[in-house]
Amino acid sequence: MSKKTAIYDEHIKLGAKIVEFAGFLMPIQYKDGIFSEVKRVRQTVGLFDVSHMGEVVIKGKDALAFINYITINDVSQLDEYQVQYSAMCYEDGAIVDDLLVYRLPDRYLLVVNASNTDKDSEWILKNKAGEVEISNISDSITQLSVQGPVAEKVVQKLTDNELSNMQFYWSTETKVSGIESILSRTGYTGEDGFEMYAKYKDGLKLWNDILNAGEEFDIEPVGLGARDLLRLEMKYCLYGNDINKSTTPLEAGLSWITKLDKENFIGKEALLKQKEEGIKRRLVCFEMVEKGMPRHHYEILKDGKKIGFVTSGNFSPSVNKFIGLGYIDVPFHKSGTDILVDIRGEKKEAVVVKPPFYKNASHK
Amino acid sequence: MNVPDNLRYTKDHEWVRVEGEFAFEGLTDYAQSQLADIVTFELKPVGSKFKKDEIFGSVEAVKAVVDLYMAVGGEIVEVNEKIMNTPDVVNKDPYGDGWIIKVKMNNADEYNELITPEDYKKLIEEQS
């Protein structure tokens, strides 16, 4: 049976098109369509229900050492209330999931992909070491995300916290519209924005209060379809498309979160070896020169040979081009390289470009 | 889902409206909703002749790309320039400004064999 978020009935009232995603009935879009929703987030502000995301809390005396062992970024670098983008890897260096790590005063919060919540929980439990307490609290949490250049103005109306002092990838525990929340300056759109985690029972009130507070700024709900496009325009990876259990963070352009010089962590040896031997393929951005929609799994060619494959693709309303991500064999990964994408049997011209596709995003 | 009573339908979610010897063809509200935002149409040029059920083009949208089939046989006498420039008109007004092609019919009987609004409603209920 599919799960419903606390906002489900409201999505229906708002005219959302609902799809099942990772076991949840989620709004993929509302009335105006995906491209309009993308434009709204780029220009003003949108509200997302992302309660399908998974939350795992880890506490105990050895929590820091344990999380540092199961993730690839360096958790010891985090100050209280700082947030970190990271990933968990298997022993072979391939990716279990990408995630956010929140360091809170008495615990760590790991925010994981909805489609991976169960798998991740099992993986974390399986590798449990030292004195730690692990709890998957996903079903008790509503996560909402306010994204766009004027997001701060909307959220500021609902909290006493001075948000202009909150840096990107920092968080706090505070009341948002009187509701106890973890509030962070984070997002998956490239725009300035805030994500908040509240109790499921408070979720609907929080949603409605944000929409009311944002009315003067033209806020509207935004669905998962637009979220996918917004992240693609920034080259933010989507697990299941751009990264998965057969890709490594080094191939995916995530070496900036792969701290190979930190103490032992799962996957370290394999990743060191891959780095030494040289990375043979890279996740790159490309733009279509000829019109055509690149889609997941389509082949990428050069001089009649297959050199890679598409992992994500769409039409970008922000740059008005067909864009995609894909793994391409070295040395064809370099920006400026002309490539062909096999779109339903027709080979269409494309070119490798530097990330991100959309260069005017407002994130702090 | 909007299914106007004055049109006929196909199993591929196209609608047809007849005006004299001409037929207008487009995508149904259900089809546009399943495709999500439409990005581009590729259509065979005016003057092309097809039999019923032959492919006359394709539509590319965020969710999928699908072929377009002739609901009735005949000659394409007009393609809707508006949808070539602003394809989202098909999302907004699939039965009006979002029509796709105008066809000079070979055989008007083919129209009468198309799916009735009542049966089309049943079809999309079964599929959704």
Side-chain angles (χ1 to χ4, degrees), chain A residues 12 15-21 25-40 222-233 238 241 287-288 290-298 310 312-324 341-346 348, chain B residues 1-3 12-13 26-45 48 54-69 79-98 100 121 123-128:
Chain A
I12 302 288
K17 200 166 107 196
I18 302 289
V19 295
E20 176 160 343
F21 179 75
L25 296 172
M26 298 300 292
I28 188 144
Q29 65 167 89
Y30 299 84
K31 294 188 296 287
D32 295 343
I34 292 171
F35 295 157
S36 301
E37 292 172 18
V38 168
K39 282 179 190 157
R40 182 176 306 279
V222 178
L224 296 187
R227 182 171 146 92
D228 182 49
L229 243 171
L230 288 156
R231 69 92 198 165
L232 174 62
E233 290 179 337
L238 172 64
N241 279 49
E287 286 175 1
M288 298 305 298
E290 287 183 273
K291 225 161 102 169
M293 179 87 95
R295 294 183 192 272
H296 194 189
H297 302 307
Y298 285 6
V310 177
S312 290
N314 211 324
F315 179 79
S316 161
S318 305
V319 300
N320 204 30
K321 284 174 184 164
F322 290 94
I323 60 171
V341 182
D342 188 333
I343 296 180
R344 304 206 303 154
E346 285 185 58
K348 303 261 181 135
Chain B
M1 217 48 82
N2 184 11
V3 179
D12 302 306
H13 307 288
L27 287 169
T28 65
D29 190 26
Y30 177 80
Q32 70 78 21
S33 140
Q34 291 295 307
L35 288 165
D37 292 39
I38 294 170
V39 180
T40 179
F41 283 91
E42 277 189 35
L43 304 177
K44 295 290 189 218
S48 307
E54 284 186 324
I55 293 169
F56 72 91
S58 63
V59 52
E60 187 90 61
V62 168
K63 288 284 287 299
V65 53
V66 295
D67 288 326
L68 297 166
Y69 298 91
V79 303
N80 185 358
E81 287 303 323
K82 196 177 261 179
I83 66 161
M84 302 307 276
N85 299 324
T86 51
D88 63 330
V89 69
V90 178
N91 291 116
K92 288 175 182 150
D93 189 10
Y95 299 113
D97 282 353
I100 299 173
K121 278 178 201 162
L123 183 79
I124 57 176
E125 262 166 40
E126 281 163 19
Q127 293 191 4
S128 53

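Convention: sequence-line order gives letters A, B, ...; per-chain numbering from 1.
In this structure, chain B has heavy atoms under 4.5 Å from both the backbone and the side chain of A:F35. Of the two parts of B:S33, the backbone and the side chain both hold a non-hydrogen atom closer than 4.5 Å to a non-hydrogen atom of chain A. With a 4.5 Å cut-off on non-hydrogen atoms, B:Q34 touches chain A through its backbone but not through its side chain. Of the atoms belonging to A:K31, not a single heavy atom falls under 4.5 Å from chain B.
Annotation: side chain of B:V39 is in contact with side chain of A:F322 (closest heavy-atom distance under 4.5 Å). Looking at A:Q29 and B:D37, their side chains come closer than 4.5 Å, going by heavy atoms from C-beta outward.
The distance from the CG atom of B:D88 to the CD1 atom of A:I34 is 12.5 Å, given to the nearest 0.5 Å. Here A:E346 contributes atom CD and B:E42 contributes atom CD; the two are 6.5 Å apart, rounded to the nearest 0.5 Å.
Within 6.0 Å of NZ in B:K63 there are more than 12 heavy atoms belonging to other residues, nucleotides or ligands.
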### Message
side-chain contact (heavy atoms from CB on, under 4.5 Å), that's the test. Do A:M293 and B:V65 meet it? Break it down for me.
### Response
CA-CA 9 Å; A:M293 179 87 95; B:V65 53; over 6 Å; no

